[in-house]
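All remarks here apply to the structure that follows.
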There are 2 protein chains.
Amino acid sequence: MRYVQMATVGLDGRPANRTVVFRGFLDDSNQLKFVTDARSQKVAEIHQLPWTAVCWYFANTREQFRLAGKLTLVGHQDSNSFLQSARAVTWQELSDAARTQFTWSDPGKPRVENQEFNQQPPDPLAPLPNFCLLLLNPDRVEHLELRGDPQNRRIYTYDGQLWAMQEVNP
Amino acid sequence: MRYVQMATVGLDGRPANRTVVFRGFLDDSNQLKFVTDARSQKVAEIHQLPWTAVCWYFANTREQFRLAGKLTLVGHQDSNSFLQSARAVTWQELSDAARTQFTWSDPGKPRVENQEFNQQPPDPLAPLPNFCLLLLNPDRVEHLELRGDPQNRRIYTYDGQLWAMQEVNP
């Protein structure tokens with residue numbers, strides 16, 4: 001189950017929420033990888049306020065993870081070579097169908113009539129300029145087990161050096 | 001699939017997000033019903049800012065609904081008799097297990113050792129004072145069909161009298 005819900009604060013100060021696809025972890029780190037289009041609404045929101053709360057519900061095991069932390073956008077002009085390389089690798093790991101979405105017209109804008117969606121997929125090696133890698137560095141994780149005795153709820157917080165765990169009432 | 005993710009803005013201004021259970025619609029209205037505990041963190045957040053964004057993903061049909069709007073909390077001191085009656089009916093429709101959760105210790109507080117969770121279920125007719133009905137009155141609904149041609153994305157907005165629909169790029 002790779003679908004999680006990512007909340008941000010909208011430009012109007014109200015919450016925003018959408019489903020995104022978890023793309024694995026950044027090598028040797030706790031950072032979760034997602035991808036997004038530089039033209040999407042959430043990119044403007046993240047530029048304004050980089051904090052997020054991601055909610056991950058596993059229906060089969062009845063477990064919920066709530067991950068809060070700071071987001072980092074890695075766009076085509078990012079000068080960090082490690083992150084730029086991670087951006088390219090993430091692009092390369094996408095399916096053709098996923099890569100093709102980045103060739104579509106501006107997401108969220110009024111629909112363009114007769115737009116050709118099924119064009120040739122873009123170069124699988126070189127990311128398109130509007131392709132962004134999105135990293136979440138969590139500093140708070142809440143884990144709820146609904147199948148506990150009767151339920152278990154634990155909050156993990158990171159102080160920059162160590163993680164601490166607190167068991168709380170469900 | 002009755003589980004949806006509800007985002008709010010936390011007391012620190014950062015987003016918050018959690019899974020909640022959809023409890024049907026308030027009679028003769030577009031308002032979605034949820035329940036919550038008056039002692040939960042989200043109640044404090046809703047008192048500060050009543051806006052939410054709810055994300056509902058249907059894995060089988062690959063559809064996503066994003067509902068944004070204002071939340072109304074109906075607590076035990078609410079003087080609106082229609083809402084108070086809806087609160088009681090919602091309580092009565094819960095399972096014993098769901099009602100029993102409202103007898104537990106303060107949610108989110110450090111876990112109480114040896115607390116007896118499996119006590120007698122509370123009165124199925126009269127809601128406990130900390131039981132709140134939570135209503136969402138959406139004024140914006142975004143519907144995404146990932147199985148469209150190639151995808152369909154529509155935004156419905158309510159101006160207080162009428163709903164308008166705009167087809168947008170996915």
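Nothing here was measured: the structure is a model prediction, and the numbers come from that model. Letters go in sequence order (proteins before strands), and every chain restarts at 1.
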- Note on the structure: In this structure, CZ of R111(B) is separated from CD of E167(A) (nearest 0.5 Å) by 5.5 Å
- Rounded to the nearest 0.5 Å, the NZ atom of K109(B) sits from the CD atom of Q166(A) at a distance of 11.5 Å
Do you reckon [X] sits in the same ILVMFWY cluster as [Y], going by side-chain contacts under 4.5 Å, direct or chained?
{"X": "L32(A)", "Y": "Y156(A)", "value": "yes"}
{"X": "L146(B)", "Y": "L94(A)", "value": "no"}
{"X": "L144(B)", "Y": "Y3(A)", "value": "yes"}
{"X": "V4(B)", "Y": "F58(B)", "value": "yes"}
{"X": "W51(A)", "Y": "V9(B)", "value": "yes"}

- For chain B, which residues of residues 60-72 of chain A have heavy atoms nearer than 4.5 angstrom: R62(A), Q64(A), R66(A)
- Which of residues 12-30 of chain A have a heavy atom under 4.5 Å from any heavy atom of chain B? G13(A), R14(A), P15(A), A16(A), N17(A), R18(A), T19(A)
- Within the distance-only criterion (no hydrogens, no angle test), does the side chain of N169(B) pair as donor or acceptor with the backbone N or O of D106(A) below 3.5 angstrom? yes
- Query: Do the non-hydrogen side-chain atoms of M6(B) and C55(A) ever get within less than 4.5 Å of each other?
  - Reply: no
- Task: Please state whether the side chain, the backbone, both or neither of E142(B) comes within less than 4.5 Å of a heavy atom of chain A.
- Result: neither
- Message: Taking side chain as everything from C-beta outward and backbone as N, CA, C, O, which of these in Q5(B) sits under 4.5 Å from a heavy atom of chain A? Side chain, backbone, both or neither.
- Response: both
